[in-house]
Amino acid sequence: MSSLAVGKADTAADAAPGTDRSRPPLRRRIALIPTVTLLLGALYCLLPVAWVVIAATKSGSELFSTFTFLPGTGFTDNFADLSAYRGGVYWQWMGNSALYAGLGALMSTVVSAFSGYALAIYRFRGREAMFNVLLAGVLMPPVILAIPQYLLLAKADLTDSYLSVLLPQILSPYGVYLARIYAAAAVPSDVVEAGRMDGASEWRIFTRVALPMMVPGMVTVFLFQFVAIWNNFLLPYIMLSDDERFPITLGLYTLLEQGANTPALYTLVITGAFLAVLPLVALFLVIQRFWSLDLLSGAVKS
């Protein structure tokens, strides 16, 4: 009986509030800090997106008179007005953005794949110096290059054309850097040497052996470039003057400027911004499966 009483007393003491054992360990509390920080960061990033989604459902009168996060009833009218604005110029802006981002990201990914593979696999004089210059290009803000690019393309009489926005996007220092790092990690030198011993050409080794291993990394480069070009504002703003060639970012900017004199256009700008986000979300959902590919699957299948 005495031992049972002592056991119950110890259990009650352990469970009593205010004791050291009733509090979570210090290590567990410290481990919660990154989780809380990530949740706050996610809230900070998603809150504006939630505002755009909800504001796109409001009519002009509801936009300024109802609670911020209360959905409205005017999305269909906003969509119809946006589609009818200037004969559907909004969808032309969307098509231009798809052309700039899709073709530009594809060409940039191809150039990055070639360049990154060469820097990772081949040994030649000046390779490290070239890579250091590439790192300097990664650190250089794009705004610094916008004016020189405009002057160069103006000399070639290519300003105010689709090429004036596409050509500067082809070479991405950050894309080449990622491709080089990924190729060095994903393409074993033994596999390349085995292909050479079997008599395969360098082109065949790259396309049939190395490139399939680099697919997840190249998908990442494509996604980064697509998002960067889709959201790019400064380069089209400098290069283009014809609004029929505007991307969606520049088109919405001109629409917002007109909204200063015509407040009814604010709902069109918000609805257009909401629709402009959807292609990026769809692209991410479509291509994310490529990130789960086995790095050596390409070599095994080849």
Side-chain angles (χ1 to χ4, degrees), residues 82-116 130 133-179 218 221-262 265 268-273 275-280 283:
L82 182 64
S83 299
Y85 178 75
R86 289 184 50 192
V89 69
Y90 174 82
W91 299 111
Q92 187 170 356
W93 295 338
M94 286 281 281
N96 293 338
S97 288
L99 174 65
Y100 295 140
L103 187 57
L106 180 62
M107 292 189 296
S108 178
T109 303
V110 172
V111 172
S112 298
F114 280 115
S115 305
M130 187 180 300
V133 172
L134 180 68
L135 290 179
V138 173
L139 300 176
M140 184 173 297
V143 65
I144 298 178
L145 302 176
I147 299 300
Q149 288 171 347
Y150 173 80
L151 296 176
L152 289 173
L153 292 174
K155 287 290 185 180
D157 197 22
L158 290 176
T159 55
D160 197 23
S161 66
Y162 289 102
L163 289 177
S164 64
V165 180
L166 279 173
L167 290 178
Q169 311 285 356
I170 294 177
L171 180 59
S172 170
Y174 187 60
V176 177
Y177 168 76
L178 286 181
M218 295 305 98
V221 172
F222 178 85
L223 180 61
F224 282 174
Q225 278 298 100
F226 189 96
V227 173
I229 299 173
W230 184 276
N231 293 329
N232 194 2
F233 171 80
L234 181 62
L235 184 65
Y237 181 76
I238 294 175
M239 295 292 183
L240 302 176
S241 58
D242 186 0
D243 62 353
E244 292 186 355
R245 298 188 180 94
F246 283 178
I248 190 63
T249 51
L250 191 54
L252 289 177
Y253 171 76
T254 59
L255 195 60
L256 182 62
E257 280 191 327
Q258 298 173 16
N261 300 322
T262 310
L265 294 179
L268 301 188
V269 175
I270 295 173
T271 305
L275 295 176
V277 175
L278 297 182
L280 300 180
L283 177 67

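Sequential numbering from 1 along the given sequence is applied to the chain's residues. From a predicted model like this one, the values you see are computed outputs, not experimental measurements. Side-chain atoms are counted along with the backbone in the values below, which use heavy atoms only and exclude waters and symmetry mates.
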Can you tell me how far [atom2] of [Y] sits from [atom1] of [X], rounded to the nearest 0.5 angstrom?
X	Y	atom1	atom2	answer
I248	N232	CD1	CG	14.0 Å
N96	L240	CG	CG	8.5 Å
L82	I270	CG	CD1	11.5 Å
L153	I238	CG	CD1	11.0 Å
T109	I170	OG1	CD1	11.5 Å
S97	N231	OG	CG	9.0 Å

TODO: Evaluate the criterion side chain to side chain contact (heavy atoms under 4.5 Å, CB included) for residue pair V165 and R245; output intermediate values, then yes/no.
DONE: CA-CA 10 Å; V165 180; R245 298 188 180 94; over 6 Å; no
For [X] and [Y], which heavy atoms make the closest approach, and how far apart are they?
X	Y	answer
M94	A276	SD-CA, 4.2 Å
Q225	Q169	NE2-O, 3.5 Å
S112	A179	O-CB, 3.1 Å
L166	G104	CD2-N, 3.8 Å
G137	P173	C-CB, 3.8 Å

Just checking [X]: does its [atom1] atom have more than 12 heavy atoms from other residues, nucleotides or ligands closer to it than 6.0 angstrom?
X	atom1	value
Y237	OH	no
Y150	OH	no
D242	CG	yes
Y177	OH	no

Under 4.5 Å between any side-chain heavy atoms of [X] and [Y], yes or no?
X	Y	answer
M130	V133	no
Q149	M239	yes
Y90	L275	yes
F224	L178	yes
F222	L283	yes
S83	W91	yes
W230	Y100	no
S164	D160	no

TODO: Identify the residue among L134, V110, V176 that makes a side chain to side chain contact (heavy atoms under 4.5 Å, CB included) with S115.
DONE: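 For S115, the side chain to side chain contact (heavy atoms under 4.5 Å, CB included) test succeeds with only one of L134, V110, V176, which is V176.
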Task: Verdict with reasoning, T254 to D243, per side chain to side chain contact (heavy atoms under 4.5 Å, CB included) - done: CA-CA 9 Å; T254 59; D243 62 353; 5.9 Å; no
Task: V89 vs F246, side chain to side chain contact (heavy atoms under 4.5 Å, CB included): CA-CA, chis, key distance, verdict - done: CA-CA 10 Å; V89 69; F246 283 178; over 6 Å; no
TODO: Ignoring hydrogens and angles, tell me if any N or O in the side chain of T159 forms a donor-acceptor pair with the backbone of A154 under 3.5 Å.
DONE: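 A pair under 3.5 Å: no.
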